Asks: 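Once you've had a glance at the structure underneath, I'll fire off some questions.
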Amino acid sequence: MTDSEAGETPRVSVTLDTKLQNVVGGKTAVALGKAFGVETVGDLLSHYPRRYARRGELSSISLLPLDENVTIVAEIRSIEERPMKARKGSIVEVKISDGRGILSLTWFNQSWRAKQLQPGMRGMFAGKVTDYRGHLQLTHPTYKLFGPGDDDEPEMPTDAAAAKLWIEQPVAIYPATNTVASWQIAKTVELLLDSLDSVPDPLPAELRGERGLLPHGRALELIHRPEVDSDWRRARDTLRFTEAFVLQSALVQQRNAARAQEATARVPAPGGFLDRFDAALPFTLTDDQQSVAAEIAGDIAQTSPMNRLVQGEVGSGKTVVALRAMLAVADSGGQAAFLAPTEVLAAQHLRSIVRALGPELSVELMPTLITGQLPVAERRKALLRTVSGQAHIVIGTHALLGEKVTFFDLGLVVVDEQHRFGVDQREALRLKGAVPPHVLVLTATPIPRTVAMTVFGDLDVSTIAMLPEGRQGIETFVVPLFEKPGWVSRVWSRLAEELALNRQAFVVCAAIAPKQLEEGEIADPEAAAPADVETVLAELRRNPVLASARIEPLHGRMTSEEKDQTMRSFAAGEIDVLVATTVIEVGVDVPNASAMVVMDADRFGVSQLHQLRGRVGRGGVPGLCLLVTTAEAESLARERVEAVAATLDGFELAQVDLELRREGDVLGLNQSGGRSSLRLLRVATDGDLIGEARGHAQRLSDRDPLLATVPALREAVRRRLDDSERASLTKS
Ligand code: ADP
Ligand code: MG
């Protein structure tokens, strides 16, 4: 017997995967979709409240912040409608009070408000606070009335005890937009919770029991409709762990799926390219280089694709290790693609690879550059060499991922400086060859373990911790201009001393040119503009202590030929000082560069400063880094600069950075509510939790690779992977 035969309203089964528009009105579904990117019931139910307020104590009228969006619980005192003075039409003005202050609400040409609202009604009123002739008001606010006439809000109870409960019950406040108010979300969520079928648990029962967590459906209920504060706290703990566990299970699955693919095994030929390269290598690999090289050689000799991340400080010798893997691939007849984050770096990699290979191997392996800016004829030639398989090493930016570039036999993709390439680009890469290539990711940004697990959870990680011998290290000093404004001239004489030893230097600025004021704009004397390349360049060229120095600019407004030319001259020692923006941040390798001055160091991130500093002290000469700042002692900005000066340990600094930045930046994901973003997890603070979840996910997957015993987890993982796939599609 079907439902309709029973003569009842057919009850549609509602699950987390049900489309929103099948449960709530189409209009609501569209509005929510636009505002938050939610499509399904599950999506909206994981749009968790941002915080919880109480009916009795939201913003207080007497303390309203101007120009901010507020939600106030208050009672209507009076309603007045009057014609506008200057224009046609009428104004409805309503006065509300929370017992401590009075606030006006105004609407233009909406007479019906005067009929709907009555003195004595209570409700929540939301809008932006403006100042109209010295009186605070909300113009065209939205509101939700309590009590009679509103079926979803329980009437305010009359007996004191019940009233106290009613007032103290936490009210979920959702991340809202100007088109969808918090209580509109709350109302839709209520509807979903009321019609939702029982929700299966993505956590295996024994794991849930062991950690004392709530059943999933109960947790969803309590995070949205708590009765007391402890409700949402418990719900949050459950959902946070669930989020970590589902994410880690998804990564473990992804990793297993990647490994299950067929790849071509790449084994170096005796007496081949790799052997010849090794025989000519002018140094011995460090122990770390050797063990990482062995891991890579082991990986690519398999018939499943390598997915490995190699992290190591700037100058630790990652590129050599990667090059050896490329040669092993070439030995087996295959090609390697080498991706750099910028065209300058791609060109520099080509030069250093040609240099490292020597003339003979270079002719045979034909390292080839493909960038978006190559002249047409050259580009055609490069593409031809690539498709024919003549070029065994192809170097470029992510333009190499473009559809026009076809490889004959792509065996290995090396991504240099991964942090600029997101998870999605990595996925696109894997789909590039007919047979998936081996993938090697290099990064000089030390990645805290939890970030590695969250962002690179599908990769195996190797670390080169030691630097080759003979490195002299870097000394770092903070130059605090706030206390010692005169020290700036000492900076330039110190720079001159370095140059006198036949060394070279960088001066890094946060801006290219002085800030242009907009027409009519008045310069704010408080807001000091950052030192810029143009101004500093002119000053240094005028400075008598640097009279004999050759000083040139390098910044992003130069064409890539100009930048390239400048870098080449600098590398050749024809330029003494480069005044540059952060275009020099990554990978630039000039062993004779010994000194770096960073102007307004407090304007840069901790990891960025560390990266910048890695440009000096790369050869046999000791490095010197001067971090110039006007930030006051003990300010947060100053603390960051001091942290960089205090240690050369990139891992430590990465952790500092992580704590200071929003995870969104760390993850390369938008965290503010996109479908595949993190919700309750914070990589900076939930490290232990993530680690535990990883362990559980791994053990479960070992026991039950298809997750057959926990169907709800399988579904949750599928949703998670679908989401990231969709996110990558919308980005490309
Ligand atoms: P990374 O890519 O990690 O920044 P590179 O591979 O570019 O480092 O190496 C930096 C410099 O150190 C290069 O000039 C390289 O030739 C040199 N180098 C690499 N490994 C060693 C080693 N084991 N001993 C001496 N020099 C090395
Ligand atoms: Mg490098």
Side-chain angles (χ1 to χ4, degrees), residues 274 277-296 308-327 336 338-342 344-358 361-362 367 393 395 412-421 440-447 461-474 504 506 567-568 570-573 584-594 596 607-608 610-623 648-651 654:
L274 180 57
F277 176 80
D278 281 345
L281 200 62
F283 46 78
T284 38
L285 298 177
T286 63
D287 290 351
D288 281 0
Q289 281 174 311
Q290 284 182 24
S291 59
V292 172
E295 284 174 319
I296 295 172
R308 186 170 290 279
L309 171 77
V310 174
Q311 56 177 338
E313 292 278 321
V314 168
S316 60
K318 299 179 296 295
T319 312
V320 182
V321 170
L323 185 57
R324 291 184 73 264
M326 295 193 245
L327 295 176
F338 193 46
L339 301 195
T342 66
V344 174
L345 288 167
Q348 182 181 300
H349 275 310
L350 175 72
R351 284 195 300 276
S352 63
I353 283 176
V354 168
R355 203 183 319 125
L357 290 174
L361 282 176
S362 291
I393 296 177
I395 302 157
L412 170 68
V413 174
V414 179
V415 181
D416 194 17
E417 312 297 355
Q418 155 71 27
H419 57 294
R420 308 245 172 136
F421 287 90
L440 182 63
V441 173
L442 310 179
T443 177
T445 309
I447 301 165
V461 178
S462 307
T463 305
I464 304 183
M466 53 173 63
L467 293 179
E469 273 174 39
R471 293 286 153 78
Q472 298 275 344
I474 308 170
Q504 292 162 278
F506 298 100
M567 269 324 296
R568 229 185 308 232
F570 188 65
I584 59 154
E585 183 185 342
V586 192
V588 171
D589 190 5
V590 179
N592 192 47
S594 65
M596 171 172 288
S607 290
Q608 204 180 8
H610 181 62
Q611 285 275 332
L612 279 167
R613 171 170 63 180
R615 301 300 118 217
V616 296
R618 291 177 63 101
V621 294
L648 287 171
D649 183 338
F651 280 91

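In listed order, ligands and their atoms are each counted from 1. Positions are given from 1 along the sequence. Atoms considered below: every heavy atom in the structure, side chains included; atoms not considered: hydrogens, waters and symmetry mates. Please read these numbers as outputs of a predicted model, since none were measured by experiment.
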Asks: Applying a 4.0 Å heavy-atom criterion (strictly less than), which segment of Leu285 is in contact with ligand 1: side chain, backbone, both, or neither?
Replies: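 Backbone only.
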Asks: Which one of Gly317, Gly614, Pro282, Ala356 has a non-hydrogen atom at the shortest distance from atom 5 (P) of ligand 1?
Replies: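 Ranked by closest heavy atom to atom 5 (P) of ligand 1, first place is Gly317.
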Asks: Do the side chains of Met596 and Leu612 get nearer than 4.5 Å, heavy atoms only?
Replies: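 Sidechains of Met596 and Leu612: in contact.
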Asks: For ligand 1, which atoms, with element, lie under 4.0 Å from some heavy atom of Val320?
Replies: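 Reading through ligand 1 atom by atom, the close ones are 6 (O), 19 (C).
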Asks: Who's closest to atom 3 (O) of ligand 1 heavy-atom-wise, of His349, Gln290, Lys318?
Replies: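 Shortest heavy-atom distance from atom 3 (O) of ligand 1: Lys318.
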Asks: Give the atom numbers and elements of ligand 1 that come within less than 4.0 Å of a heavy atom of Ser316.
Replies: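 Atoms satisfying the 4.0 Å criterion: 3 (O), 8 (O).
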Asks: Given 3.5 Å as the limit, does a donor-acceptor pair link the side chain of Gln289 with the main chain of Thr286, or not?
Replies: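 Between the backbone of Thr286 and the side chain of Gln289 there is a qualifying donor-acceptor contact (under 3.5 Å).
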Asks: State the CG-NZ distance between Leu442 and Lys318, to the nearest 0.5 angstrom.
Replies: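 Reported to 0.5 Å precision, the distance equals 7.0 Å.
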Asks: Just going by heavy-atom distances, which of Leu323, Val310, Leu281, Thr319 is nearest to atom 2 (O) of ligand 1?
Replies: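 Selected option, by shortest heavy-atom distance: Thr319.
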Asks: Pairing donors with acceptors under 3.5 angstrom, does anything connect the side chains of Glu295 and Ser462?
Replies: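 Side chains of Glu295 and Ser462: pair found under 3.5 Å.
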Asks: Answer with side chain, backbone, both or neither: which part of Leu442 has a heavy atom less than 4.0 angstrom from an atom of ligand 1?
Replies: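 Neither; no heavy atom under 4.0 Å.
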Asks: Is Leu440 close to Val413 at the side-chain level, that is, under 4.5 Å between some pair of heavy atoms?
Replies: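 Not in contact.
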Asks: Hey, which atoms in ligand 1 end up nearer than 4.0 Å to a heavy atom of Thr284?
Replies: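 Here the atoms of ligand 1 in question are 22 (C), 23 (N), 24 (N).
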Asks: So for Gly312, does at least one of its heavy atoms come nearer than 4.0 angstrom to any atom of ligand 1?
Replies: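 False for this residue.
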Asks: What atoms of ligand 1 come within less than 4.0 Å of a heavy atom belonging to Thr286?
Replies: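 Taking each heavy atom of Thr286 in turn, ligand 1 has 23 (N) under 4.0 Å.
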Asks: How would you list, by chain and number, every residue that makes a salt bridge (charged side-chain N to carboxylate O under 4.0 Å, His left out) with Asp278, sequence neighbours excluded?
Replies: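 Checked Asp278 against salt bridge (charged side-chain N to carboxylate O under 4.0 Å, His left out); matches are Arg324.
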Asks: Closer than 3.5 angstrom, by distance alone: can the side chain of Asp416 be matched with the main-chain N or O of Leu339 as a donor-acceptor pair?
Replies: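 Looks like no, no N/O pair under 3.5 Å.
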